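See structure below.
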Number of protein chains: 2
Amino acid sequence: MATIGMNVPIREAHQSLAERLFLTLRGEIVEGRIAAGSKISEPELARRFNASRGSLREALMRLESLGLLERRVNVGARVVELSERGLLELYEVREALEGMACRLAAEQRSDEDLVALRRMLAGHEQQEELQAGKAYFQPEGDFDFHFRIVQASKNDLLIDTLCNRLYYRVRMYRYQLGMASPRAQRAFREHSHIIEAIEAGDGELAELLMRRHIRASRQNIENKLR
Amino acid sequence: MATIGMNVPIREAHQSLAERLFLTLRGEIVEGRIAAGSKISEPELARRFNASRGSLREALMRLESLGLLERRVNVGARVVELSERGLLELYEVREALEGMACRLAAEQRSDEDLVALRRMLAGHEQQEELQAGKAYFQPEGDFDFHFRIVQASKNDLLIDTLCNRLYYRVRMYRYQLGMASPRAQRAFREHSHIIEAIEAGDGELAELLMRRHIRASRQNIENKLR
DNA sequence: TTAAGACAGATTGTTGACAATTTGAAGTGA
DNA sequence: TCACTTCAAATTGTCAACAATCTGTCTTAA
């Protein structure tokens, strides 16, 4: 819930009203409290938050550029619809980008990142044993893993594209279509192998394994939706 | 200059003032008329375009989400700096995304797209012969190629990410670092092979060739920068 | 001479009001 | 009954003024 590690923790203060509105609305859209496909009324939301329409509009535009809203001139904004096709498209892009992130992480192979990855995996293993193989592949643990791999790529454009854009859509689908997966142990082993490839500095293998991992996750979702 | 084929041609009218400002400023930043790294003064730009600061700010925010501007609270906006690192990051992301686009285009293989790709390539070949092997790999021709492949992927998220976000940064680097490449004939042959793989429905090969193509282009730039 | 602090100018963030456009319903005619 | 037009209410786009914040300069004291 608290999106641990997802949002940059630096500078809680120093944020504008528009930014706070943006963060709040993003959370409500991701979690479905503002329903997918519903229309956004600027005056209504502005009243609700005791803000002016100007500040609210700034927040809405940032949500649009995140791909969570669609705005049309002189008509207004709507929350995006969730569709199977949209979900598959998202996973295809993730496969490409996270595969590349994984390759780059392996080629960089900074010591701090390796330590952090190992530590995280150990934490997940412990948690998994504790909770009887059901809890690991919950949103938080899985996001931790993918988030850290992407960070380790050291490619700012890649990091921004995934962590500040695509992942919010992923979370939106998970929350609203309920993607708690039964792939717990298998996903854990896959994560483990990916980290091994990164440690070995084998970028090609790391990319391959990550792409398979995401593809498997996508197929798992496809099966569930039918 | 006129970005033929790059911008969606539909609905020239029906655009707001903020959108026109956005398009104008985007062009000036891409072409370097507003220098990279320079500070943006809201009052000054607003006066220049006879617009209010509100409308201008909306345009600036859209430029920020495009990655062409960086804004800091209570400080203002600056045009992004061009750096070798930024360029390399851009090409790494392109390699991943356009590789995937190419794979998807090969798996889709719609008849219209194949015809259009063939026709475009023929046009480029003719143009190349006419102009003695120097003119092909100019921005327009090369963009045509990459643009159409991406469109043929039929993945709207991928299309949006590349065509509406990354390509403007690519163009900015090309304009301002002068990337008219001497890879004319070689690039043409690579384009040709990629299209053959797509026609054959060989997604794996198409992806591989596109990634090599972009990697070669990147290395070419790296060499030039030293 | 240098470093810390105060101040003025300018810039950005925010607001409420006005103008332009869309939407949906009521009304008219065939 | 259906299609088309008219019109009013609501919504969005745009603007200019006000408030909060930053930047650079000047002063002052160690």
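Model, not experiment: these values are computed from the prediction. The chains referred to below are lettered A, B, ... by the order of the sequence lines, with proteins before strands, and numbering in each begins at 1.
- Listed by chain and number, the residues in a salt bridge (Lys or Arg N to Asp or Glu O under 4.0 Å) with A:Glu58 are B:Arg57, B:Arg71 (sequence neighbours excluded).
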Tabulated below should be each protein N or O lying under 3.5 Å from an N or O of nucleotides 5-9 of chain C; please produce it.
none

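- Residues satisfying the side chain to side chain contact (heavy atoms under 4.5 Å, CB included) criterion with B:Ser38, sequence neighbours excluded, are B:Ile34, B:Ala35, B:Val79.
- For the pair A:Arg94 and A:Tyr91, the cation-pi test (distance below 6.0 Å, angle within 45°) is passed.
- The aromatic rings of B:His191 and B:His213 sit perpendicular, their planes meeting at an angle over 60°, well past the 30° parallel limit.
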- request: Walk me through it: do B:Lys154 and B:Leu104 pass the test side chain to side chain contact (heavy atoms under 4.5 Å, CB included)?
  value: CA-CA 8 Å; B:Lys154 301 282 189 280; B:Leu104 295 175; over 6 Å; no
- line: In B/S/- notation (B base, S sugar-phosphate only, - none; protein heavy atoms under 4.0 Å), nucleotides 10-17 of chain C written 5' to 3' is --BBBB--
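- For B:Glu28, the salt bridge (Lys or Arg N to Asp or Glu O under 4.0 Å) criterion is met by B:Arg33, B:Arg48, not counting sequence neighbours.
- Atom C1' of nucleotide D:dC22 and atom CZ of B:Arg78 are separated by 14 Å, given to the nearest angstrom.
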task: Given side chain to side chain contact (heavy atoms under 4.5 Å, CB included), test A:Leu114 with A:Arg109 step by step and report yes or no.
output: CA-CA 7 Å; A:Leu114 287 179; A:Arg109 207 155 110 246; 3.6 Å; yes
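- For B:Arg211, the side chain to side chain contact (heavy atoms under 4.5 Å, CB included) test picks out A:Met100, A:Arg103, A:Glu207, A:Arg211, B:Glu95, B:Glu207, B:Arg215, with sequence neighbours left out.
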